[in-house]
Number of protein chains: 2
Amino acid sequence: MKRNTWQREAVREALSSTEGFVSAQGLHMTLHGAGSPIGLATVYRALADLASEGDADSLQSPDGESLYRACTTGHHHHLICRNCGLTVEIEADAVEQWAKTAAAAHGFTQAQHVVDVFGLCENCTRAAAAAE
Amino acid sequence: MKRNTWQREAVREALSSTEGFVSAQGLHMTLHGAGSPIGLATVYRALADLASEGDADSLQSPDGESLYRACTTGHHHHLICRNCGLTVEIEADAVEQWAKTAAAAHGFTQAQHVVDVFGLCENCTRAAAAAE
DNA sequence: ACCCTTGTTGATAATGATTGTCAAAACCCT
DNA sequence: AGGGTTTTGACAATCATTATCAACAAGGGT
């Protein structure tokens, strides 16, 4: 049976009150900063539970961390500068539809998609041009 | 100065002759299996170099491994079964256009996109349903 | 309200991928 | 061929994440 603990609630709340994506470690630090004695392993477990129940989305940052966000807001993707790391959120309703359709067309279910665009942002484009 | 070593060539070739994505460790095992005494750290370095020169694309698998693939000119995307590993190639002209447009709208240049869909294939969906 | 079963917690150890270290070897230019 | 410098590779170090397991607490039954 699934039990309700203040720890799970704390993680759920901390996640929903966070803008954008957070790592498990980051969320743990946030909670500690707010005076919560919650354990790191518990944060990982709570996030994994939220994700598997569909209450949170997870993705991998370019350097391999798992990032989470509350699943209430609309799903979006990222435009990431490969040089300076600047990240811009982008909407992609068309892509959502495409991913769903393509998955269904091949009999796939529970599709999650990894859709990220890497490039050079305006500043880094200028810097690269100047360096040549 | 950048030097040409047989190790770098070996990695480049092993990568291009691989269908789909490979992890650094996987590529290292492949090379060893083929009799190459190349070191693991070297494979990591070579892949990082290829990626930073634009000769390879990298993405993170759902469980946090870095995966690489040769950067082919005419590229396609993948529909990957998260349970059995089945991979289906899918076309995505619409997504190509969208990625280009989105990048340009934010001042980004040299956009490359990583678009892959993970899900459960038909068989694994049935297996999962039966297990419940 | 109290106990009892069982899911949950959390400090810490373990894991596993990736990166740093540094002496020895390989490469490239002259 | 010789020399300066990059690259290699075995191994140690690092970092996020997961497993371990004894102590704890939630919730149902009485």
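Residue numbers start from 1 in every chain, and the chains themselves are labelled A, B, ... in the order their sequence lines are given, proteins ahead of strands.
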Please tell me which of B:Ser23 and A:Leu40 maps to the more 5' nucleotide of DNA chain C, matching each residue to the nucleotide holding its nearest heavy atom.
A:Leu40
[X] side chain N/O closer than 4.0 Å to the phosphate oxygens (OP1, OP2) of [N]?
X: B:Thr42; N: D:dG9; result: yes
X: A:Tyr44; N: D:dT18; result: no
X: A:Gln7; N: C:dG10; result: yes
X: A:Ser66; N: D:dT17; result: yes

Quick one: are B:Ile38 and B:Val43 in side-chain contact, heavy atoms under 4.5 Å?
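Heavy-atom side-chain distance check passes, below 4.5 Å.
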Any B:Val11 side-chain heavy atom under 4.5 Å of B:Gln7 side chain
no
In whole Å, what is the span from the [atom1] atom of [X] to the [atom2] atom of [N]?
X: B:Glu65; N: D:dT17; atom1: CD; atom2: P; result: 14 Å
X: B:His32; N: D:dT8; atom1: NE2; atom2: C1'; result: 13 Å
X: A:Ile38; N: D:dC24; atom1: CD1; atom2: C1'; result: 15 Å
X: A:Asp49; N: C:dT8; atom1: CG; atom2: P; result: 7 Å
X: B:Lys2; N: C:dC29; atom1: NZ; atom2: P; result: 15 Å
X: B:Leu67; N: C:dT18; atom1: CG; atom2: P; result: 8 Å
X: A:Glu9; N: D:dA26; atom1: CD; atom2: C1'; result: 14 Å
X: A:His28; N: D:dT18; atom1: NE2; atom2: P; result: 15 Å

Sugar-phosphate only, base, or nothing, as touched by B:Gln25 at under 4.0 Å among non-hydrogen atoms
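B:Gln25: base contact, heavy atoms under 4.0 Å.
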Tell me whether B:Thr18 contacts the main-chain N or O of B:Ala14 through its side chain, where contact means a donor paired with an acceptor under 3.5 Å.
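Such a contact is found between B:Thr18 side chain and B:Ala14 backbone.
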Of the nucleotides [options], which one has an atom closest to the side chain of [X]?
X: A:Met1; options: D:dT8, C:dT18, D:dG28; value: D:dG28
X: B:Trp6; options: D:dG9, C:dG10, D:dT8; value: D:dG9
X: B:Thr5; options: D:dT8, C:dG10, D:dG9; value: D:dT8
X: A:Arg45; options: C:dA26, D:dT20, D:dA16; value: D:dT20
X: B:Ala41; options: D:dG9, D:dT6, D:dT17; value: D:dG9

Is there a donor N/O on one and an acceptor N/O on the other, under 3.5 Å, for the side chain of A:Arg3 and the base of D:dG27?
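No such pair is found, so the answer is no.
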CZ/B:Arg3 to CZ/B:Arg8 distance, rounded to the nearest 0.5 angstrom?
10.0 Å
Strictly below 4.0 Å, N to O, side chains only: are B:Glu53 and B:Lys2 in salt-bridge contact?
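Answer for the salt bridge query: yes.
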